[in-house]
Amino acid sequence: MSLPHGWEMVVGLEVHTELQTATKMFCGCANAFGAVPNTSVCPVCLGLPGALPVLNERAIDLAMAIGMALHSTISPSTFHRKNYFYPDMPKDFQISQYDLPINAGGYLDLPDSTRVTIERAHLEEDTGKSTHLGGSGRIHGADRSLVDYNRSGVPLVEIVSGPDIRSSTQARLYASELRAILVATGASDGRMEEGSMRIDANVSVRHADEPFGTRCEIKNLNSLRSLQRAIDYEALRQVELLEGGGRVRQETRHWDENLGATSTMRTKEEAEDYRYFREPDLVDLAPDIAWQDRVRAGLPPMPAERRATLSARLVGANDAQLDALEVVIDLGLDPFVHHAIDAGVDPGLALARGANELAAGLEDIARLNRDAFSATLLMEQRGELSSTQAKTVLGELLAHGGEPGTVAAAKGFEQLSADTLGTTVAELLAQFPSEWERYRDGDEKLAQFFIGQVMRITNGQANGKAVVAELRARR
Amino acid sequence: MKSAARIAREVQSGETTATAELEASFAAISRRNGELNVFLHVDQEGARDQAAHIDARVARGEPVGALAGVPIAIKDNLCQIGVPTTCSSKILEGWRPPYNATVIDRLALAGAVCVGKTNLDEFAMGSSTENSAFGPTRNPLDPSRVPGGSSGGSAAAVAADMTPIALGSDTGGSIRQPAALCGIVGVKPTYGLVSRYGLIAFASSLDQVGPLAKTVLDSALLLEAIAGHDPRDSTSLPEPSPSLVAHVEDGVAGLRVALVHELVEGADPEVLEAVERATAALADAGATVVQLSIPEIRLALSAYYLIAPAEASSNLARFDGVRYGLRVDAKNVTAMMEATRTAGFGAEVKRRIMLGTYALSAGYYDAYYGQALKVRTHMIDAFARAYREADLLIGATTPSVAFAFGEKTTNPMAMYLSDVFTIPTNLAGEAAVSVPFGTGEGGLPIGVQLLGPGRSEARLLAAARVLEIADGRP
Amino acid sequence: MAPPLRREDVAHVARLARLTLSEAELDMFTEQLGQVLEHANDMSALALDDVVATAHPFGLTNVVREDVVTASLERARVLEMAPDAQDGRFAVPQIMGDAP
Ligand SMILES: [Mg+2]
Ligand SMILES: [Zn+2]
């Protein structure tokens, strides 16, 4: 989408990501998504009177890893209390970093080579989760809500970008590149649909080269698609408002995915007075150089570098392959692809199976080892498995694990013996004499006809290349 | 009543049993609790189990701790598993914590027997124990007067010989002031020396748990048992519990003691006179005495009455009717929270929440809270300068002896002024002791306060012991 | 020097703190809090621009714990404390709006 002529949108994003620690930010309760409600809670994360927070060292490691990947300055930092009453927040304040965040400044280069500045990436704690009863099941109109505090106190890093994004496509690109970085650092699983990565967007519009306009903050963007739609909707709303002689009011707006529209949640005048002050139950954080170096040493290559490395092995890649490359990098599947190429698999085939079959089975990826992936693709490449069979074998390996050879045998994907294939082909030639005649006269298209017939008779166990070889031998 | 040191010794040697001492404590409580309103809850069953457990260990020849079989009273702002913990507030009435404060665990380890929970000013906000939702505590020495506060119940339990020792908490003088008014010893430990885990927070950067006892030695025994690093409190000092009992008889020879003008300024003449006699007693025992002025002390009250309420306003936000304690139903969650808090908190708590919320709110932060934090730095620097010239400071604990009920309740500012000598120590995070020394009007006790830098508890207790002896309690 | 406390300031603060005050309480608190704030004005005379604010009396840093799971509370014990619970969760009346 583009805005009417002369208008430009200005977008900054605030991305919250849950950290993949074993325990919560301030207590030893398991950081367990989706567990039975209120089973991963203790005096600290329930905000019981007298309980005190103690920082999780691993959360700090991961926050620093994010900062390093974003070229931030790791800084001495403090924690504040952000005070407001809300039932899913047990202490009725959130512990968050305020004026002194652990990561100050930085930048993220988009694949289109735009540089987006990072203002800060700070630590804070997550809230509990409410379920609304009655009404539509949404917060509005519900007459009662139920609160589960399992998520209360889960560590978050909030990454705030500068207002450097100029289109919804760019916003999407930023979010997906950031997600790839978060996944690469091991800080996050990057799953927006499960809420472990959540985005708020600050959107304003202006005539090019004029000062920034009044911005609105859009909440509740749960997918890259919502992000892009909401920004487009909001920018256009603001342009229409301004062109109609109105003015934009600074406010927080809610994105409704079903309506495809944003609506006012809270105006600036209604903004809370958070009464920030230093959290007296925590002390300063100032990771020394040794601690920082330890984290830095554990950082894997970042997506931009990995993209360059993989793309160097795909000389003359077409558009579809470039898309596949993005998928593989975003999802962190490139080690599989490299492994397969190293083992002798054609780079195009390795990339395709990575971007399709592995991407589809991402949740089960831990069951599949790289050797099994490469071995399956080599069997396919050698003609021992058809492509359909190879995909089936990969699916089976992801679902249940195992060895490719064993899985293929169990599925009955054994090579037809040369004898059986020879007999089958001979029978077919007798059955379809005129087609055989035309093939012998040079109509190569008929090879496909015979392959199809052989597949039908053998329930797909034959290999297309082997059938063609058999036909050629008899021509 | 026997001292804690003696009970522990006799329990260990088999001369008495924890059970016998506990029953003696129960008997004393039943004699006077009706009149004085010291205990909000007596944990008969739990305490008897604890005592039986100690006795069984002794019978089996197993080691028991330094407080073996000693009955102890617990201020009702410390969490104890399954025992009602109210902070003397309607908002927590009936709440039974599912966890122990670290100090409760440490007491169990030392073999002490927790007898029950004592009355306090609601959420420890007050200086007279008149702000309790469950009625005031009376001073055992003169029931027409207040015991001081906010640890008034714990001080009264010891003064009335219900238990030899008690735990209190001190945010602006809440251990030392009632100790002075009840004629016992009270210690405000260095910030971070004793874990705050499980102490229901009033003002997190000022709160410390500490001992109340009849004798200096008992204070040392109790403090040694509860002090030392706790990984569950991020503000806990990193070192283990200091050696205190071993140094109680160290004396003050060679120490420099400074009588601080601002720590007696405005005190009643009889209080000033007691402080001067105490100073002379320290000189007699070999200390060098000087006079000092620390004008920054005059700013302490102002800084305290912004910092403490600011932290309290946030600490007490969690009492919202959602997860535990009182709930007053209403049509939506915001109205429910407001109705609950309005019904559950008393006037003084509301006053401080309002004050703290204002001090932190947009537009006033710099003028009030921000400035108070700077004054705090200013005060810490001033104390540091003083401790270059003196090893200990001496002054009054309170401007007067115990006052009558209702005397200061109508004017909050007058009540706040009764903490003027104790507050500076909390702001500085340092240590201080109140020890009884002489009597004043109506034969009521006077407390003398000894102040030292952080981690100076051994030195302070040794000096307090000198005064204890000089006051005729060898 | 901060401006004197007004009745509407007290009303605003009561809303922030989720407390309902009667008209009489509003008057009383305006007067009493005003006195405390007036007393606090003795601090404003001080030139403390270069002084660093102290939030903690001792400068501890980097107090952390290992990322190791410890026991959580039993759910029955947790919900037993709740004024109202349903389906293993804490129940509250209608929530009027999204979290800020
Ligand atoms: Mg945030
Ligand atoms: Zn927890």
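The sequence lines fix the lettering, A, B, ..., with proteins before strands; numbering per chain opens at 1.
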Self-check item: Nearest non-hydrogen partners of A:Ala22 and C:Val69, listed with the distance
Solution: O-CG2, 3.7 Å
Practice problem: Determine, for C:Arg75 against A:Asp148, whether the closest basic-nitrogen to carboxylate-oxygen distance falls under 4.0 angstrom. | Solution: no
Quiz item: Taking C-beta and beyond as the side chain, do A:Leu285 and C:Asn62 meet within less than 4.5 Å on heavy atoms?
Solution: yes
Self-check item: Verdict with reasoning, C:Arg15 to A:Asp273, per salt bridge (Lys or Arg N to Asp or Glu O under 4.0 Å)
Solution: CA-CA 11 Å; C:Arg15 263 194 309 279; A:Asp273 178 347; over 6 Å; no
Practice problem: Answer whether the closest heavy-atom distance between the side chains of A:Pro37 and C:Asp87 falls below 4.5 Å. | Solution: no
Self-check item: More than 12 heavy atoms of other groups within 6.0 Å of A:Glu257 CD
Solution: yes
Quiz item: A:Asn38 and C:Gly88: which non-hydrogen atoms are nearest, and at how many Å?
Solution: ND2-O, 2.8 Å
Quiz item: Under a 4.5 Å heavy-atom cut-off, does chain C meet the side chain of A:Arg278, its backbone, both or neither?
Solution: side chain
Quiz item: With chain C, which of A:Val147, A:Val44, A:Thr78, A:Thr252 has the greatest number of heavy-atom pairs at distances under 4.5 Å?
Solution: A:Val147
Quiz item: So do the side chains of C:Val64 and A:Trp291 get within less than 4.5 Å of each other, counting heavy atoms only?
Solution: yes
Quiz item: Is it the backbone or the side chain of A:Lys219 that comes under 4.5 Å from a heavy atom of chain C, or both, or neither?
Solution: side chain
Quiz prompt | Neighbour count above 12 (heavy atom, 6.0 Å) for A:Tyr84 OH | solution = yes
Practice problem: Among the options C:Met81, C:Arg18, C:Arg77, C:Glu66, pick out the one with the most heavy-atom pairs lying under 4.5 Å from chain A. | Solution: C:Arg18
Practice problem: Using a cut-off of under 4.5 Å on heavy-atom pairs, state which of A:Asp88, A:Asp284, A:Asn56 scores highest against chain C. | Solution: A:Asn56
Quiz item: With a 4.5 angstrom heavy-atom cut-off, which part of A:Phe26 approaches chain C: side chain, backbone, both or neither?
Solution: backbone
Quiz item: For C:Ile95 and A:Arg144, what are the C-alpha separation, side-chain angles and deciding distance, and is it a side chain to side chain contact (heavy atoms under 4.5 Å, CB included)?
Solution: CA-CA 7 Å; C:Ile95 300 174; A:Arg144 196 169 149 80; over 6 Å; no
Practice problem: Side chain from CB out, backbone as N, CA, C, O: work out which of these in C:Ala17 comes under 4.5 Å of a heavy atom of chain A, or both, or neither. | Solution: backbone
Quiz prompt | Flag for A:Ser130-C:Arg89: side-chain donor and acceptor within less than 3.5 Å | solution = no
Self-check item: Check: C:Val92 and A:Ser145 side chains under 4.5 Å, non-hydrogen atoms
Solution: yes
Exercise. Sort A:Cys27 into side chain, backbone, both or neither according to what part of it lies under 4.5 angstrom from a heavy atom of chain C.
Key: backbone
Self-check item: Contact class of A:Leu48 relative to chain C, heavy atoms under 4.5 angstrom
Solution: side chain
Self-check item: Closest approach of A:Leu55 to C:Val63 (non-hydrogen atoms, all atoms of both residues)
Solution: CB-O, 3.8 Å
Quiz prompt | Heavy-atom closest contact (C:Leu16 atom, A:Phe85 atom, distance) | solution = O-CE1, 3.3 Å
Quiz prompt | Any C:Glu74 side-chain heavy atom under 4.5 Å of A:Thr39 side chain | solution = no
Quiz item: More than 12 foreign heavy atoms under 6.0 Å from CD of C:Gln86: is that the case here?
Solution: yes
Quiz prompt | Distance in Å, C:Phe90 CZ paired with A:Leu146 CG, rounded so as to fall on 0.5 Å steps | solution = 11.5 Å
Practice problem: Among the options A:Thr127, A:Asp288, A:Leu282, A:Asp61, pick out the one with the most heavy-atom pairs lying under 4.5 Å from chain C. | Solution: A:Leu282
Exercise. Indicate whether the side chain of C:Asp67 and that of A:Thr21 have a donor and an acceptor atom separated by less than 3.5 Å.
Key: no
Quiz item: Which atoms of A:Pro76 come close to chain C, meaning under 4.5 Å heavy atom to heavy atom: side chain ones, backbone ones, both, or neither?
Solution: neither
